[in-house]
Number of protein chains: 2
Amino acid sequence: MPKKKLEDALSSLKALGHRLTAPRKAILEVMAAESRPLSVEDIHHYVEQQTPCDLATVYRNMDACLEADIVQKCMLENGKVLFELVGEHDHHHHIICRKCERTDRIDLCLTEEMKTVASSLGFTEVSHVLELYGICSACK
Amino acid sequence: MPKKKLEDALSSLKALGHRLTAPRKAILEVMAAESRPLSVEDIHHYVEQQTPCDLATVYRNMDACLEADIVQKCMLENGKVLFELVGEHDHHHHIICRKCERTDRIDLCLTEEMKTVASSLGFTEVSHVLELYGICSACK
DNA sequence: ATTATTGCAAACCCTTTGCAACTTA
DNA sequence: TAAGTTGCAAAGGGTTTGCAATAAT
């Protein structure tokens with residue numbers, strides 16, 4: 001139910017005192033519809049097809065969404081940055097094609113192992129970033 | 001034996017037709033001596049204490065070292081980029097303190113699991129990026 | 001001698017910021 | 001009406017590039 005993800009996102013923002021403007025709604029709609037990691041440029045491009053929206057507005061909304069914990073930021077090997085709308089308890093990772101940037105979701109996760117290792121080193125509040133890279137079947 | 005890592009690095013570059021210049025040697029010495037992930041800025045700072053060296057030279061050398069596969073690039077959550085000199089078969093990861101950026105090495109790695117998942121999705125030549133974040137004991 | 005490498009400065013790109021105008025609640 | 005939000009344009013910061021001078025092989 002992608003509709004639910006969108007509604008949840010909107011109410012999370014509202015809960016933090018944010019207002020529902022046209023650009024903001026359009027940004028979230030785009031992210032909910034695509035349900036894959038998108039660059040700021042991508043988001044801006046799609047949003048403009050339905051509402052005028054400044055690039056800076058997209059950046060500012062990504063910040064708000066990160067604070068609200070409704071989007072996840074992924075850093076690619078090449079330095080590019082992507083954002084993905086995620087629901088609660090929806091932690092996951094991706095495998096990204098080095099050639100075409102096709103992105104697949106991966107549910108493999110190793111939170112427990114990592115917490116164990118980390119706490120043995122004295123670290124708390126542990127989180128992690130994991131991205132896989134490869135060549136997808138279409139590009140090989 | 002950190003000395004060996006340095007020598008190996010130098011000969012890897014030589015093998016690719018690169019020359020051994022003063023700035024290049026200094027850059028590798030610094031990376032070998034620190035044996036932790038360093039930013040371009042860090043490297044530049046240390047190198048300048050022994051040899052004049054332009055920032056652009058550090059960037060260009062990082063590119064050469066990545067191609068030669070003697071340094072590993074790590075992307076931090078906040079977008080910062082670090083480079084670390086690594087030997088062969090020395091794949092590893094880090095846990096980074098969100099407050100002070102203290103970095104510890106972690107040997108936990110899950111290459112096999114990842115290859116399995118990735119190939120079931122049709123991906124080949126799989127690599128991965130993994131960084132843990134937390135609050136270290138000194139900062140907590 | 002040949003070719004890689006360097007320094008310098010300018011160009012670039014992505015991202016952030018200040019501010020006045022405008023919306024939302 | 002008060003406070004968040006936007007657009008615009010300018011500023012920022014890190015990284016890359018062109019080119020002539022320099023140094024390594």
Side-chain angles (χ1 to χ4, degrees), chain A residues 7 9-31 37-68 70-71 73-83 101, chain B residues 7 9-31 37-68 70-71 73-83 101:
Chain A
E7 284 163 18
L10 290 169
S11 52
S12 293
L13 288 177
K14 226 171 184 171
L16 289 179
H18 291 294
R19 295 175 182 179
L20 261 58
T21 65
R24 176 164 294 156
K25 233 184 322 185
I27 288 168
L28 290 172
E29 274 165 20
V30 163
M31 297 188 81
L38 296 174
S39 68
V40 166
E41 219 181 340
D42 290 337
I43 297 169
H44 181 243
H45 172 79
Y46 290 130
V47 168
E48 285 256 286
Q49 299 181 346
Q50 54 176 101
T51 310
C53 174
D54 197 83
L55 244 193
T57 298
V58 181
Y59 281 106
R60 286 191 272 232
N61 273 285
M62 290 306 102
D63 288 345
C65 291
L66 286 172
E67 275 175 44
I70 58 178
V71 317
K73 185 181 187 179
C74 352
M75 314 281 302
L76 269 52
E77 267 181 338
N78 60 16
K80 289 187 187 169
V81 181
L82 305 179
F83 297 92
E101 288 193 5
Chain B
E7 285 163 18
L10 291 169
S11 50
S12 294
L13 288 178
K14 225 169 183 173
L16 289 180
H18 290 295
R19 297 175 181 177
L20 261 59
T21 65
R24 176 164 294 156
K25 232 184 322 184
I27 288 168
L28 290 173
E29 276 166 18
V30 162
M31 296 189 81
L38 297 173
S39 68
V40 165
E41 218 182 340
D42 290 337
I43 296 169
H44 181 243
H45 172 79
Y46 290 129
V47 168
E48 284 257 285
Q49 298 180 347
Q50 53 177 101
T51 310
C53 175
D54 197 82
L55 243 194
T57 297
V58 180
Y59 281 105
R60 286 191 271 231
N61 273 284
M62 290 306 103
D63 288 346
C65 290
L66 285 172
E67 276 176 44
I70 57 177
V71 318
K73 186 180 186 179
C74 354
M75 314 281 305
L76 269 53
E77 267 180 337
N78 60 16
K80 289 188 188 170
V81 181
L82 304 181
F83 297 92
E101 290 193 3

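Numbers restart at 1 for each chain; the letters A, B, ... are given by sequence-line order, proteins then strands. Note: hydrogens, waters and symmetry copies are ignored here, and every other heavy atom, side chains too, is used.
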Check: Do A:R24 side-chain atoms and A:N61 backbone N/O form a donor-acceptor pair below 3.5 Å?
Finding: no

Result for 5'-nearest mapping on DNA chain C, choosing between B:A56 and B:G17, is B:G17

To the nearest angstrom, the CG-P distance between A:L55 and C:dC13 comes to 14 Å

Heavy-atom nearest nucleotide on DNA chain D taken for B:V40 and for A:D54; more 5' hit belongs to A:D54

Assert: residue with more 5' nearest nucleotide on DNA chain D, out of B:E41 and A:N61, is A:N61

Rounded to whole Å, the CG-P distance (A:D63 to D:dT5) equals 12 Å

To the nearest angstrom, the OH-P distance between A:Y59 and D:dT6 comes to 16 Å

Of D:dG4, D:dG14, C:dG7, the nucleotide closest to the side chain of B:T57 is C:dG7

Atom CG of A:L20 and atom C1' of C:dC22 are separated, to the nearest Å, by 17 Å

Whole-Å distance, B:R24 CZ to D:dA23 P, equals 15 Å

(message) With a cut-off of less than 4.0 Å, is there a side-chain N or O of A:R60 near OP1 or OP2 of D:dT6?
(response) no

- Message: Looking at A:E77, I want to see if its CD is surrounded by more than 12 non-hydrogen atoms of other residues, nucleotides or ligands under 6.0 Å.
- Response: yes

note: A:M75, atom CE; C:dC14, atom P; distance rounded to Å ~ 14 Å

Winner on side-chain proximity to A:V81, out of D:dT25, C:dT15, D:dG7, is C:dT15

Under the side-chain contact (heavy atoms from CB on, under 4.5 Å) rule, what do B:T51 and B:K25 come out as? Steps first, then yes or no, please. CA-CA 10 Å; B:T51 310; B:K25 232 184 322 184; over 6 Å; no

**Request:** Indicate whether OP1 or OP2 belonging to C:dT5 is found under 4.0 Å from a side-chain N or O atom of B:T21.
**Result:** no

Separation of C:dC14 atom C1' from B:K80 atom NZ, nearest Å, is 17 Å

Would you say a side-chain N or O of B:R19 is under 4.0 Å from OP1 or OP2 of C:dT3?
no

Rounded to whole Å, the NZ-C1' distance (A:K14 to C:dA25) equals 9 Å

Can you confirm whether more than 12 heavy atoms, excluding those of B:K80, are under 6.0 Å from its NZ atom? no

CA sep, side-chain torsions, deciding dist, call: B:E41, B:H45, side-chain contact (heavy atoms from CB on, under 4.5 Å)
CA-CA 6 Å; B:E41 218 182 340; B:H45 172 79; over 6 Å; no

